[in-house]
Amino acid sequence: MAAETLAGRGFKVHVLDHMASPARKFLMAGRGGLNITHSEPLDLFLTRYGSAQSPLVPAIRAFPPSAIVEWCEGLGIETFVGSSGRIFPKSMKASPLLRAWLHRLQDLGVEFSMRSPWTGFDGTPTILATGGASWPRLGSDAGWVSILRSAGIMVNDFRPANAGIFIPWSEHFRNRFAGTPLKRIAITCEGRRVQGEAMIARYGLEGSGIYALTRELRDAGSISLDLKPDLDLGTLQERLARPRGKMSTSNWLRKTVRLAPEAMALLREAKAQPTAANIKNLAFQVTGSAGLSRAISSAGGIAMDEIDQDFQIRKLPGVYAIGEMLDWEAPTGGYLLQACLSMGVVAGRAVPA
């Protein structure tokens, strides 16, 4: 996006990429449907960036979600808003968008040099967009960290973000329920509650509800699941107090509170009685999180104090840093791509003519 913005201003732009082909992580992001941004009101959208709002908010306001939709349409890519409010290309794929984008860059005269690692500064105005440290096999291997640290730039250690968590399931539960979604639940960690969905994995839990609690889960020892967030404790207690008759426990829970089989299995896995209190507050031990090699994104990177409002590195005039190189994080839902694209536009507009 920075290259497109610069080329549109008349600059001669040369993109160096140390991989054999461009945008590998972008293509990976589209494997399950390319979520490019979100349709929620902008003021709410901006809160998703937590402590990084100060540097990111002006950039996103300068190139907001509506601008991304217009940009996609300008490339011939129609979009739609999903039931969750997330915005996707109609094809649900990244490859058609990438092909159209690369053709536009070629038409603008942007040159690409593949297998060309960045090894340091040569005085040329440069925008660094070399990624964080997640999914390193796709290119974001953080090999640039030593170069910037040797130049006196503060680079905070990388940590996984939007990653699954480890829960020591029993072998029976793992074999029976891995790959099963947990729909309409609420997750609480360190006093913060998120309502959404999760996926049972062989190693623990993953999915949007888990990813939204990344900051809290990194240092937490446990989580609590509310298996029926739409029913308050009193209503659950009243329903479970009704005569059970000869119904089995599973039939009783299914008919009285519409508890799903996987939710019943979680109660058994936790060795918890099927009471209203346990259904509303089911605790599990968290033994860790998936590492950077499998995390969707990463926290850590160049400290935000090291850059100005245009993402220029203060100690290195003429050098800009954007994207996951910077120390910020956001949940999945279109917020990651939105911020990266917005930063590219702002940095591309800021390079002096």
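Each residue takes its place number in the sequence, starting with 1. Quick caveat, the model's predicted, so the values are computed rather than measured. Values below: every heavy atom of this structure, side chains too, minus hydrogens, waters and symmetry copies.
Between the CG atom in Leu56 and the OG atom in Ser342 there is a gap of 9.0 Å [rounded to 0.5 Å]. Between atom CG of residue Asp327 and atom CZ of residue Phe158 there is a gap of 8.0 Å, rounded to the nearest 0.5 Å. Distance NZ/Lys228 to NZ/Lys280: 9.5 Å, rounded to 0.5 Å. Rounded to the nearest 0.5 Å, atoms OG1 (Thr287) and CD1 (Ile165) are 8.5 Å apart. Atom CD in Gln237 sits 13.0 Å away from atom CZ in Arg242 (nearest 0.5 Å). In this structure, Arg86 CZ and His38 NE2 are separated by 6.5 Å, a value rounded to the nearest 0.5 Å.
A donor-acceptor contact shorter than 3.5 Å is absent between the side chain of Arg349 and the backbone of Leu6. Put simply, the side chain of His18 never gets that close to the backbone of Trp118: no donor and acceptor are under 3.5 Å apart. Trp169 places a side-chain N or O within 3.5 Å of a backbone atom of Gly204 that can act as its donor or acceptor partner. Judged by distance alone, the side chain of Arg9 and the main-chain N or O of Gly348 form a donor-acceptor pair under 3.5 Å. When atom types are taken as modelled, the side chain of Gln53 and the backbone of Gly50 share a donor-acceptor pair closer than 3.5 angstrom. Between the Trp71 side chain and the Glu73 main chain, no donor and acceptor come within less than 3.5 Å of each other. A donor-acceptor pair is defined here as one N or O able to donate and one able to accept, closer than 3.5 Å; such a pair exists between the side chain of Thr256 and the backbone of Trp252. In this structure, the side chain of Glu306 engages the main chain of Met154 through a donor-acceptor pair within 3.5 Å. In terms of modelled atom types and a separation under 3.5 Å, the side chain of Thr188 and the main chain of Gly191 share no donor-acceptor contact. Between the side chain of Ser289 and the backbone N or O of Arg218, no donor-acceptor pair lies under 3.5 Å.
Between Arg193 and Asp226 there is a salt bridge, since at least one side-chain N of the basic residue sits less than 4.0 Å from a carboxylate O of the acidic one. Salt bridge status for Glu197 with Lys183: absent, with no side-chain N to carboxylate O gap under 4.0 Å. Between Glu190 and Arg215, none of the side-chain N atoms (NZ, or NE/NH1/NH2) sits under 4.0 Å from a carboxylate O, so this pair counts as no salt bridge. A salt bridge does not link Asp308 with Arg314: every distance from a Lys NZ or Arg NE/NH1/NH2 to an Asp or Glu carboxylate oxygen is 4.0 Å or more. For Asp230 and Arg258, the salt-bridge test fails: no basic side-chain N is under 4.0 Å from an acidic carboxylate O. Comment: Arg149 engages Asp157 in a salt bridge, judged by a side-chain N to carboxylate O separation of less than 4.0 angstrom.
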Take Ile127 and Phe311 through the side-chain contact (heavy atoms from CB on, under 4.5 Å) test and state the conclusion after the steps.
CA-CA 9 Å; Ile127 296 178; Phe311 303 101; over 6 Å; no

Stepwise side chain to side chain donor-acceptor pair (under 3.5 Å) check, Ser113 with His14:
CA-CA 7 Å; Ser113 292; His14 195 172; 2.6 Å; yes

Which is it for Arg137 and Met28 under the side-chain contact (heavy atoms from CB on, under 4.5 Å) test, yes or no, and what are the steps along the way?
CA-CA 11 Å; Arg137 69 181 180 84; Met28 173 64 80; 3.7 Å; yes

Might you work through the side chain to side chain donor-acceptor pair (under 3.5 Å) test for Thr126 and Thr124, ending with a clear yes or no?
CA-CA 6 Å; Thr126 302; Thr124 304; 5.6 Å; no

Worked verdict on Leu44 versus Arg48 for side-chain contact (heavy atoms from CB on, under 4.5 Å):
CA-CA 7 Å; Leu44 176 60; Arg48 309 302 187 184; 3.7 Å; yes

Intermediate values then yes/no, side chain to side chain donor-acceptor pair (under 3.5 Å), Thr332 and Asn162:
CA-CA 7 Å; Thr332 57; Asn162 292 300; 4.6 Å; no

Asn35 and Leu336: side-chain contact (heavy atoms from CB on, under 4.5 Å), yes or no, with the steps?
CA-CA 9 Å; Asn35 180 197; Leu336 295 164; over 6 Å; no

Could you go through the side chain to side chain donor-acceptor pair (under 3.5 Å) check for Glu269 and Ser170 one step at a time?
CA-CA 7 Å; Glu269 184 71 5; Ser170 66; 2.8 Å; yes

Apply salt bridge (charged side-chain N to carboxylate O under 4.0 Å, His left out) to residues Arg61 and Asp43 and explain how you reach the verdict.
CA-CA 10 Å; Arg61 287 194 182 280; Asp43 286 344; 3.1 Å; yes

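A heavy-atom distance below 4.5 Å is not found between the side chains of Thr37 and Leu341. In this structure, Ser224 and Phe284 have side chains that are not in contact, with every pair of non-hydrogen atoms separated by 4.5 Å or more. At least one side-chain heavy atom of Glu111 sits under 4.5 Å from a side-chain heavy atom of Lys12. When side chains are defined from C-beta on, Leu98 counts as touching Leu102, because their heavy atoms get closer than 4.5 Å. Counting heavy atoms from C-beta on, the side chains of Leu205 and Met199 never come closer than 4.5 Å. Residues Glu206 and Tyr211 have side chains in contact (heavy-atom distance under 4.5 Å, counting atoms from C-beta outward). Between Arg202 and Phe173 there is no side-chain heavy-atom pair separated by less than 4.5 Å. No side-chain heavy atom of Tyr320 sits under 4.5 Å from any side-chain heavy atom of Ile307.
For Tyr335 and Trp328, the gap between ring centers reaches or exceeds 6.0 Å. Within the 6.0 Å centre-distance limit, the rings of Tyr203 and Phe166 are counted as a close aromatic pair.
Side-chain contact, Lys25 with Ser134: a donor N or O sits under 3.5 Å from an acceptor N or O.
Of the listed residues (Leu34, Leu337, Ile36, Ile68), just one forms a side chain to side chain contact (heavy atoms under 4.5 Å, CB included) with Ile87, and that residue is Ile36.
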